[in-house]
Amino acid sequence: MKNFTQIIFILLVFVANCFAQQEKGIYSEENWLDNWAEFNPNQNDYGEPTKILAGNISENTTLYKKEVYLLLGSVFVTQGATLTIEPGTVILGDYKTKASLNITRGSLLMANGTETDPIVFSSNRSVKRPGDWGGLIVLGNAPINRYGTGSVAMFYPNLSGSDYVHTNYGGDEKLSCSGNISFIRIEYAGNRVSENSYFNGLLLAGVGEQTNLTNIMVSNSEGNGLEVWGGYLKLNKMVSYKSQGIDFKFNYGAQVDMFNSLAVRSPYASNGLGSKCMVVKSYDKKQEFDFSKDHTTVKAQNLTFLNTSENLANDIKMNLIQEAVFIGADATLNMNKSVISGFNPAVILDENISINQENLEKIGFNAMLFNNCNGNIFVEYNSNNEDLENWYGNSAFYNVYSKSDNHETFIDAQNTRKPDFRLRINKIIASNEVDSDLLMD
């Protein structure tokens with residue numbers, strides 16, 4: 001391995017210099033979480049419902065800010081209808097019926113909140129808990145890498161026979177549009193469906209690249225925060241806060257560009273299935289994977305993954321903290337200018353990934369800050385990561401290793417009302433004058 005790494009590193013020096021000049025982690029001149037994001041949603045009183053949403057929505061419908069809507073059971077937007085939601089509208093998912101909102105193939109969700117008037121999906125309980133209701137599911141016609149099309153019918157154990165057609169996703173329309181979704185919050189979703197299956201806060205399945213997705217926050221989900229199955233998407237300013245499942249999961253041939261996004265984990269919030277910030281996989285079962293179709297490919301830039309543990313060593317000992325990023329076989333991840341802080345370790349590669357040039361060129365980490373992690377990059381079930389350290393630790397990649405507490409690393413990670421997770425040391429670690437002792441040699 002050392003022979004090919006020496007050759008490749010020479011070619012990467014120029015690229016590394018380009019990365020070195022840019023900031024790491026989430027960025028902006030101002031804190032872009034202000035006003036629309038909410039880190040204490042249980043303190044909000046959204047009022048009593050004034051309207052009910054139930055059954056299928058098969059014609060164009062608008063939800064208005066002046067009303068508070070109660071979502072009852074599995075609601076499907078069907079037959080190419082458009083559901084428009086005004087800025088500031090509140091939709092409460094019913095706890096007893098495990099409500100969910102489902103946008104079927106060919107239909108549109110136009111949910112355009114604003115920074116000062118976000119759209120809110122939450123629980124109808126007075127004391128809210130993760131998993132109070134189902135979540136938001138958007139199904140599209142874009143390609144997936146499974147044989148045929150996919151189905152989300154497993155989420156609805158009591159689904160009527162006539163509604164099964166509404167659960168299918170996937171097709172051949174890469175450029176398809178499922179709507180515009182911006183400045184929305186999804187709170188206390190992720191209801192448990194079976195022993196090892198949960199709703200996600202937001203599931204995007206076979207969604208095409210003309211769909212606009214920006215400024216979306218999922219908080220306190222019992223399942224995964226955001227999950228993407230297939231499709232072609234650009235995701236900007238995504239937030240997953242204290243999800244008990246995986247924050248961001250990509251599978252079934254998803255082709256995703258993800259920018260300027262944040263995942264904040266608590267060591268005390270987990271559904272027991274292994275909680276991580278990001279999982280990138282091409283399949284769950286290899287026999288379902290059509291190798292003639294695209295592998296999952298994720299390009300991630302300016303992400304911040306933060307674990308809020310106050311005693312990292314003790315929480316690791318108690319098995320409360322896992323890796324931040326897991327990469328499956330036959331999947332590609334290129335992660336740049338991002339921060340991974342406080343995990344055990346930072347990254348794990350699937351045990352079926354052989355450590356060779358071909359595979360490592362599919363898994364890139366450039367201009368990263370690995371802060372306060374119990375190790376950096378490992379292969380699953382293998383504690384010897386010398387080859388990986390030699391590869392990703394070379395200065396050509398400009399990855400940085402540090403050991404700093406959160407209050408020293410981030411601008412204000414302690415302010416729970418309006419936290420700001422931009423780095424205090426962005427200007428320092430992104431400059432060419434960084435102390436060489438900080439580099440992962």
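A donor atom on one side chain and an acceptor atom on the other are not found under 3.5 Å apart for T78 and S58. When only modelled atom types and interatomic distance are considered, N376 and N385 share no side-chain donor-acceptor pair under 3.5 Å. N35 and T116 form no side-chain donor-acceptor contact under 3.5 Å, judged by distance and modelled atom types alone.
With contacts defined as side-chain heavy-atom distances shorter than 4.5 Å, the pair N220/P41 qualifies. The closest side-chain heavy-atom distance from S100 to F155 is not below 4.5 Å. Within the 4.5 Å cutoff, the side chain of L101 has heavy atoms near those of the F121 side chain. Within the 4.5 Å cutoff, the side chain of Y69 has heavy atoms near those of the Y64 side chain. By the 4.5 Å heavy-atom criterion applied to side chains, M278 and M258 are counted as neighbours. Residues Y268 and D315 form a side-chain contact, since some pair of their non-hydrogen atoms from C-beta on lies under 4.5 Å apart. In this structure the side chain of Y188 reaches within 4.5 angstrom of the side chain of S122, judged on heavy atoms. The shortest side-chain heavy-atom distance between E351 and N382 does not fall under the 4.5 Å cut-off.
Side chain of E173 to backbone of L175: no donor-acceptor contact under 3.5 angstrom is found. Distance alone, capped at 3.5 Å, places no donor-acceptor pair between the S243 side chain and the I246 backbone. Panel note: side chain R424, backbone I411; a donor-acceptor pair is recorded below 3.5 Å. Looking only at distances, a side-chain donor or acceptor of T104 sits under 3.5 Å from a matching main-chain atom of V77. The closest donor-acceptor contact from the side chain of D412 to the backbone of P419 lies at 3.5 Å or more, if one exists at all. Of the possible polar contacts, one joining the N399 side chain to the A367 backbone as a donor-acceptor pair under 3.5 Å is found. No donor-acceptor pair under 3.5 Å is formed between the side chain of T84 and the backbone N or O of T62. Remark: the backbone N or O of N336 is paired with a side-chain donor or acceptor of S338 at under 3.5 angstrom. Checking side-chain atoms of W133 against main-chain N and O of E187 turns up a donor-acceptor pair under 3.5 Å. Within the 3.5 Å criterion, the main-chain N or O of N260 finds no donor-acceptor partner in the side chain of N236.
Taking the six-membered ring for Trp and thresholds of 30 and 60 degrees, F289 and F291 have ring planes inclined between 30 and 60 degrees apart. Under the 30°/60° scheme for interplanar angles, the aromatic rings of F421 and F410 are found to stand perpendicular.
The aromatic ring centroids of W391 and F397 lie less than 6.0 Å from each other. Under the 6.0 Å cut-off for aromatic ring centres, F76 and Y156 qualify, their centroids lying closer than that. Side-chain rings of F248 and F250 stay apart, their centers remaining 6.0 Å or farther from each other.
In this structure, E29 places its CD atom where only 12 or fewer heavy-atom neighbours from other residues, nucleotides or ligands lie under 6.0 Å away. Counting heavy-atom neighbours within 6.0 Å of F259 CZ, excluding the residue itself, gives a total above 12.
Closest heavy-atom contact between F343 and E323: CD2-C, 4.1 Å.
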Exercise for the section: Test V298 against V228 for side-chain contact (heavy atoms from CB on, under 4.5 Å), laying out the working first. Expected result: CA-CA 11 Å; V298 176; V228 179; over 6 Å; no
Practice task
Evaluate the side-chain contact (heavy atoms from CB on, under 4.5 Å) criterion for residues L109 and I85: first the C-alpha distance (whole Å), next the side-chain angles of each, then the deciding distance (0.1 Å), finally the verdict.
Solution key: CA-CA 8 Å; L109 174 62; I85 305 178; 3.8 Å; yes
Practice task
Quick one: do Y169 and L203 satisfy side-chain contact (heavy atoms from CB on, under 4.5 Å)? Show the steps, please.
Solution key: CA-CA 11 Å; Y169 66 91; L203 172 61; over 6 Å; no
Practice task
Could you please spell out the steps behind the side-chain contact (heavy atoms from CB on, under 4.5 Å) verdict for L33 and D420?
Solution key: CA-CA 7 Å; L33 297 167; D420 190 342; 5.8 Å; no
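Rounding to the nearest 0.5 Å gives a distance of 6.0 Å between CG of L262 and OG1 of T304. Between the CG atom of D132 and the CD atom of E222 there is a distance of 9.0 Å, given to the nearest 0.5 Å. To the nearest 0.5 angstrom, I216 atom CD1 is 8.5 Å from L136 atom CG.
Y283 does not carry K281 over the face of its six-membered ring by the limits of under 6.0 Å from the centre and within 45° of the normal.
Applying the side chain to side chain contact (heavy atoms under 4.5 Å, CB included) test between C373 and each of L312, I340, N307 identifies I340 as the sole match.
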